[in-house]
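Remarks on the structure that follows.
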Amino acid sequence: MSTKIRQRRRAGVVLLIASLLALTGFGGVAAAEADYTQSVASLNATQAQISFTPTTPALYVDVHYLVNGSGQQNVRMVNGSGTWRHTVGSLSTGTVLDYWFTYEKNGPQYDSPHYSYTHGNSASQVATPTFSPPGGSYTSTQSVTISTATAGSTIRYTVDGSTPTASSPQYTGPISVPSSRTINAIGIKAGFTTSAVASASYTIGTSAGCPTQPEVPNFGPNVRIFNPGMSATAIQSQLDADFNQQKDTLTAQFTERRYAHLFKPGTYNGIHDDVGYYTSVAGLGQNPGDVVINGDVTVDAFNESDHGVALQNFWRSTENLAVVPSSGATRWAVAQAAPFRRMDIRGGLNLFPASYGFASGGYTADSKVSGKTASISQQQWYTRDSNYGSWEGGVWNMVFSGTNGAPANTFPNPPETTLGTTPVSRDVPYLYLDGAGKYRVFLPSLRTNASGPSWANGSTPGTSQSMSTFYVVKPGDSASTINTALSQGCNLFFTPGVYHLNQTLNVTKANTTILGIGYPTLVPDNGVNAMQVADVDGVRLKGLLFDAGTTNSQSLLTVGPSGSSAGHSGNPTSLQDVFFRIGGQFAGKATNSLIVNSNDVLIDHIWAWRADHGSGVGWTSNTADTGLIVNGNNVLATGLFVEHYQKYQVIWNGQNGRTIFFQNEIPYDVPNQASWMAPNGRNGYAAYKVGDNVTSHEAWGLGSYCFFDTNPAVNLYHAFEVPNRSGVRFHNLLTVSLNYKGTITHVINDTGAVTPTGTVPVNVVAYP
């Protein structure tokens, strides 16, 4: 008998004795063993999630379970922020799970005792703890108490943003909060499922310092605000005037004009909003159904010069509206950087142009489509936390997470990748009008293992902030003025416009919200970095376009300084609809577009684009090495678009990273093979490189395409470069040579065939 086997058997005996001394019950169990905390939580009528949190990091955790006493399953659990999870489906009320764990601890492997869970008995879960006072902004130190409605339970908590476990400090009395921080707490009781993690973020002495701003601000001349009392003719006239300026692909694609169309709550009849470049359309209700448009919000291949394709339909958005389409289906034929969020489509949704020409989108989140969603000619698409009546079509890479009505996971034929839930998500902050006619910004709550829209069962959970805490940034405001507002503790609301920055914008306060509408564009001048976010809790960036200046910047946006180590799982920083452009408007230059050093960051829909057309475009003109570098741990990317950078497109050095959907094109303009060789001596730079020291990384639904039109003799050895470790796993990935302009020899490492002629994908279902 080997030493490891003896250790496992001895550990099993010890844990079995411990389990006999503990109370266990049906409907969910939780253990506070010396080595770990485990629990089962009901996600919905048919799914339950098993969780295992070791007191010291584990290299792996396997769960073994029987459903009603038969059909044993053995599954490697997924690590997220130190807690290993696995979701069991196809359950019904009364289904009994018998389950146990195998886990690594400091080298040896151990087995746990068996536990039992009965699905559908929610009374056995400890009630989620509550905080008094609740999280928020305060001028002085707060004394915070934590309680749970479940008698006899123990509360464990953390104050560094990390997820609490059974070994975290036990709550025994009020906690003093003298400075900004996030408190997370769980309730534990023998025989009960551990509660959900409760979180409260406290901002002390920061937002209170922001000079009071108007609650009904002047948003400037580029924000159109409509109300139901206006005539449809007057509204349509303004919509048409804006569209005519922003319509043409040849003249408006790189214009400095920016607009937002905002609709106050109510019903609008006969409205048709064609959405052109740099235009945001949004409802001002707290939920999508508060604004109903009987008509259309449309993107199509509008121009003769488009030749019926939608490949350049960038930089436009729609959000927080209910639409009853005039023709039965809304058309949203877009490419990158055109989010479709919080939409209630009471009919069908067509993601292709009326001509059935090519399109290269796209992104949907937190939306509902009652009818059929048809992608048809869309090359790729990602949908998160939504409901579809049905889905039709798919060219290369269609990805869904947490989407009811999504097609089955059938990659590569059809090319659909479907995850039942989204591991971590948070809807975007958004502007709305309260009942008193004052403007507020709503901050949706963090969701784990979400499925369906956040507003499916009523209002989106979360909190709201008065516009009195937001400095409204308008064209002409200097970087110094903006930094002063940030240092005073103000949030920022960027109105449509182009903002030249002669100094870095420094976001240093926890829970700062920076919200843009109408594609406000930040241009760093004289080689400064555009924005730096400190390693703090809860910063939310949404709706910004970073456009590299003509003097090289080292980074356009950096989140956390190098070496950041704090945990933020309970209240992460989120980057949503944040876009990066190198060239196109002018010969922009930036070594890196986005660097993420902080842990637990949510990257939710970014497009980092080194321009392949427009002004100032060329191998030595719009220079840029890398689109995204991730150094932080536990970072999640949902909807990642990165294209045409001159070295690695993405470098992921952090542990426990996850990506759901990746779309990439390698640079078109490589002049020759000799000028494009990776440090390891292979041809070209991979699109997605996982660092050599990474032991845990997972990704789903990834596509990389080449089009070496400057020199079709150029070759890329492989599109995905990863360390060969069991904890580094890729699912459903592909390569394509567009019009056979150059080749990619392998998909991932040495796996996958060379790209063939005919624009035909090479698919790999799983690696390793």
Side-chain angles (χ1 to χ4, degrees), residues 37 53-59 78-84 105-106 135 156-165 167-169 175 177-186 197 199-204 206 423-424 426 446 448 504 506-512 529 531-541 554-555 557-575 592 594-603 626 628-637 650-659 690-698 723 727-728:
T37 300
T53 305
T55 55
T56 59
L59 291 180
V78 176
N79 185 14
S81 303
T83 295
W84 297 75
K105 180 180 180 181
N106 299 326
R156 302 281 179 168
Y157 71 96
T158 60
V159 296
D160 61 358
S162 63
T163 301
T165 68
S167 61
S168 298
I175 302 169
V177 183
S179 58
S180 297
R181 66 191 59 180
T182 296
I183 303 177
N184 292 329
I186 56 173
V197 177
S199 181
S201 295
Y202 296 87
T203 303
I204 307 299
T206 54
V424 184
R426 183 166 63 193
L446 195 69
T448 56
T504 301
N506 291 302
V507 184
T508 61
K509 311 292 186 184
N511 303 309
T512 299
N529 297 341
M531 183 180 290
Q532 171 78 46
V533 179
D535 189 28
V536 295
D537 275 351
V539 174
R540 307 189 194 210
L541 272 59
Q554 183 62 28
S555 173
L557 172 62
T558 301
V559 180
S562 179
S564 294
S565 59
H568 307 287
S569 60
N571 186 20
T573 285
S574 53
L575 315 176
N592 307 293
L594 172 61
I595 300 175
V596 176
N597 294 316
S598 289
N599 297 327
D600 305 299
V601 172
L602 297 180
I603 301 171
T626 301
L628 169 64
I629 299 176
V630 177
N631 297 317
N633 297 329
N634 310 313
V635 173
L636 171 65
V650 172
I651 301 173
W652 205 299
N653 296 318
Q655 299 290 349
N656 304 320
R658 289 174 291 179
T659 294
V690 177
D692 296 340
N693 295 323
V694 172
T695 59
S696 177
H697 187 94
E698 194 160 12
V728 178

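It should be emphasised that the depicted structure is a prediction, and the values quoted were computed from it without experimental measurement. Note that the numbering runs from 1 along the sequence shown for the chain.
- Listed here is the closest heavy atom pair of V536 and T508: CG1-O, 3.7 Å.
- Looking at T165, T37, T53 one by one, the single match for side chain to side chain donor-acceptor pair (under 3.5 Å) with T83 turns out to be T53.
- Judged by distance alone, the side chain of N599 and the main-chain N or O of N634 form no donor-acceptor pair under 3.5 Å.
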**Request:** Apply side chain to side chain contact (heavy atoms under 4.5 Å, CB included) to the pair L575 and L594, showing each step before the final yes or no.
**Result:** CA-CA 10 Å; L575 315 176; L594 172 61; 3.9 Å; yes
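- Put simply, the residue from V159, I183, T158 that forms a side-chain contact (heavy atoms from CB on, under 4.5 Å) with P164 is T158.
- Of the inter-residue distances, the one linking L557 atom CG with Q532 atom CD reads 8.0 Å to the nearest 0.5 angstrom.
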**Request:** Would you check, one step at a time, whether the test side chain to side chain donor-acceptor pair (under 3.5 Å) holds for T504 with N529?
**Result:** CA-CA 5 Å; T504 301; N529 297 341; 5.4 Å; no
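- Across every non-hydrogen atom of P723 and G691, the tightest pair is CG-O, 3.5 Å.
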**Message:** Between W652 and V694, is the side chain to side chain contact (heavy atoms under 4.5 Å, CB included) condition met? List the steps.
**Reply:** CA-CA 8 Å; W652 205 299; V694 172; 5.6 Å; no
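- Of the inter-residue distances, the one linking R426 atom CZ with T573 atom OG1 reads 7.5 Å to the nearest 0.5 angstrom.
- The backbone N or O of D600 sits nowhere less than 3.5 Å from a side-chain atom of S569 that would complete a donor-acceptor pair.
- Of all the heavy atoms in P54 and W84, the pair that sits closest is CD-CD1, 3.8 Å.
- With hydrogens and angles left out, the side-chain atoms of N597 and N631 include a donor and acceptor closer than 3.5 Å.
- Separating the CD1 atom in I603 from the CZ atom in R658 is a distance of 12.5 Å, to the nearest 0.5 Å.
- To the nearest 0.5 Å, atom OG1 of residue T659 and atom CG of residue L628 are 8.0 Å apart.
- Side-chain N/O atoms of S555 and N592 include no donor and acceptor closer than 3.5 Å.
- For N656 and S696, the side-chain atoms include at least one donor-acceptor pair closer than 3.5 Å.
- Listed for the Q655 side chain is a donor-acceptor partner under 3.5 Å among the backbone atoms of N693.
- For the atom pair H568 NE2 and L602 CG, the distance stands at 12.0 Å (nearest 0.5 Å).
- For S168, the side-chain hydrogen bond (donor to acceptor under 3.5 Å, both in side chains) criterion is met by no residue, not counting sequence neighbours.
- From D537, atom CG reaches atom OG1 of T512 across 11.0 Å, with rounding to the nearest 0.5 Å.
- Each of V559, V635, I595 was checked for a side-chain contact (heavy atoms from CB on, under 4.5 Å) with V630, and the lone residue meeting it is V635.
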